Amino acid sequence: MASIEKRPGKGKKISYRVRWRLGGASDGAWQSETFEQKAQAVTFKLAVEAVGHQWPEGWIRGYGWAPAAPVDDKPEVEPIPFRDYATTFVASLSGIEERTRHDYERDLRNHILPTFGDLDIRDGNAIDRSLVRTWVNTLQHGVADPANPKQWLRRPLAPKTIQNLHGILFAILQDAVEADPPLRTSNPAARTRLPRLDDGEGDDEMVFLTEQEFALIRACAKPDVRDMLTVFVGTGLRYAELAALQVRDIDPFGKPVPALRVRRAWKRQADNTFKLGPPKTKQSRRTIALSSEVMDAILPNIAGKGPKEFVFNSPTGSWWRHSSFYDRRWIPAIDDACSRGLTKRPRIHDLRHTHVAWLISESIPLAAIQRRMGHKSITTTIDRYGHLLPYVDQDLIDAIDRALTGSLRAVA
């Protein structure tokens, strides 16, 4: 065993020496270390005995214990690649259809990960507002091929597409901000100025047809879809709703007027197939009153059919898939109409916009139009079609004049 010897020094100073034989053997070489305080000697003695009467690891003879390596208060943390976080976020989203998830994954892969994918989602210096703004500008203006300025490495995207992509990026970064514990202190995608939807991009402008323009397109269409076009522009249905319309959805003897019920729509799946499902939103489940002309266009197409048969069928007897209708009926009709003087090239969806324009021109209240169109909020109706209300300014002026005239007369 190691021992402690009390040793007098000069004056009244006392020191304490720890002695032991190396390795604890009787023939081991004597070893010793001296301390000014007994407590230090006791601690060292125990350390020597604990390691088999050897010099304790980390002890420097004549000095003491070697200083411990400095401890970093902020230990190094493995980075979290934006790519991994974003992919997991999209995969875990709830309350969305699988086709929507498929589209998010495609947009993430094609437009977001090339810029943000390899960065640490927690790094506020790497993923900041400047990077988000640069990314938006690149999406808007595209990337030209330096070797051939007429070619694109990345084509410019439409304002609506950019807004959708920015929405995905915002949601991913906001999820990181709200994580427990938070991975970021702020969302650099917040308050980003985005391209306006009404900035003159032709592909995003709504096209409104006059009654004469629609009549020309209908006349140029093949006879087997003329009734379908009449019902389209006469009801304002979405194409997926119109193509899913079944005989049982028509109430030709409805009170006070005939009506149709929107209960289903075609939904594109992740594998690019389609299946019937509920309409776009809860508000899209609605009943639409039918005019006599629209009813006249429907009746020949439901005669002799069973309740679950589709109102409008392709030449093969199946439902009209959008791509087939567009290529085989819509484009030929538009081309023919343009050759006869039509100066517009409307999309199929513009028949829905035209329906709203016709209602507004007859001063139908926007709240009624909202319900008929199945918009989730009247704000949607106002944002899309409010500019078609030129008469509102005059109505406001007339209302103010009437109020002022009445107040002035009361004072007199």
Side-chain angles (χ1 to χ4, degrees), residues 155 158 160-161 197-198 200-247 250 260 262 265-266 268 272 274 288 290-305 309-362 369 372-373 384-385 387-388:
R155 289 187 173 276
K160 178 61 175 175
T161 302
L197 294 181
D198 57 350
E201 293 284 346
D203 290 342
D204 291 302
E205 290 182 341
M206 292 182 287
V207 175
F208 304 103
L209 301 171
T210 65
E211 292 89 336
Q212 294 75 20
E213 289 169 337
F214 171 73
L216 175 59
I217 293 173
R218 186 182 185 280
C220 292
K222 289 191 175 182
D224 62 350
V225 295
R226 289 175 182 170
D227 287 342
M228 186 175 176
L229 294 178
T230 297
V231 176
F232 205 153
V233 80
T235 61
L237 292 175
R238 301 177 178 92
Y239 185 88
E241 297 168 344
L242 180 66
L245 201 62
Q246 297 178 351
V247 174
I250 308 300
L260 65 79
V262 180
W266 286 107
R268 186 188 294 271
N272 213 36
F274 289 83
I288 296 177
L290 303 176
S291 70
S292 58
E293 288 197 19
V294 171
M295 197 65 236
D296 288 343
I298 289 177
L299 288 176
N301 292 277
I302 63 175
K305 291 183 177 179
E309 292 188 68
F310 295 113
V311 174
F312 299 107
N313 301 99
S314 70
T316 62
S318 64
W319 66 284
W320 266 111
R321 185 163 174 162
H322 186 281
S323 57
S324 296
F325 182 85
Y326 179 84
D327 292 334
R328 301 174 184 177
R329 294 294 185 270
W330 183 255
I331 291 301
I334 297 301
D335 289 343
D336 190 12
C338 288
S339 71
R340 301 187 187 191
L342 182 68
T343 60
K344 305 172 182 176
R345 291 198 65 88
R347 302 159 299 182
I348 298 175
H349 196 70
D350 286 320
L351 293 183
R352 177 173 165 87
H353 297 321
T354 295
H355 178 77
V356 176
W358 289 358
L359 295 178
I360 290 177
S361 70
E362 295 294 328
I369 295 175
R372 185 173 178 88
M373 304 306 290
R384 290 183 183 175
Y385 306 110
H387 64 287
L388 298 178

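Sequence positions, counted from 1, serve as the residue numbers for this chain. Note that this is a predicted model, so its numbers are computed, not measured.
Minimum heavy-atom separation, Ala265 to Ala244: CA-CB, 3.8 Å. When all heavy atoms of Val311 and Lys305 are compared, the closest pair comes out as O-NZ, 3.0 Å. Across all their heavy atoms, Ala221 and Ala333 have their closest contact at CA-CB, 3.7 Å. Scanning both residues, Val356 and Met373, for their nearest heavy atoms gives CG2-CE, 3.4 Å. Heavy-atom minimum distance, Val207 versus His353: O-CB, 4.2 Å.
Within the structure, side chain to side chain donor-acceptor pair (under 3.5 Å) pairs that include any residue of residues 325-334 comprise Asp224-Arg329 (at least two apart or interchain).
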Which is it for Phe232 and Tyr239 under the side chain to side chain contact (heavy atoms under 4.5 Å, CB included) test, yes or no, and what are the steps along the way?
CA-CA 8 Å; Phe232 205 153; Tyr239 185 88; 3.7 Å; yes
Stepwise side chain to side chain contact (heavy atoms under 4.5 Å, CB included) test for Val262 and Thr235:
CA-CA 11 Å; Val262 180; Thr235 61; over 6 Å; no
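Here the side chain of Arg226 pairs a donor or acceptor atom with the backbone of Ala219 at under 3.5 angstrom.
Surrounding NZ of Lys222 are at most 12 heavy atoms belonging to other residues, nucleotides or ligands under 6.0 Å away. Crowding of Glu293 atom CD: a count of heavy atoms from other residues, nucleotides or ligands under 6.0 Å not exceeding 12.
A side-chain contact (heavy atoms from CB on, under 4.5 Å) with Leu209 is found for one member of Asp350, Ile217, Leu216 and no other, namely Ile217.
By the 30° and 60° cut-offs, the orientation of the rings of Phe325 relative to Trp320 is perpendicular. Ring geometry for Trp319 versus Phe274: interplanar angle over 60°, hence perpendicular rather than tilted (30 to 60°).
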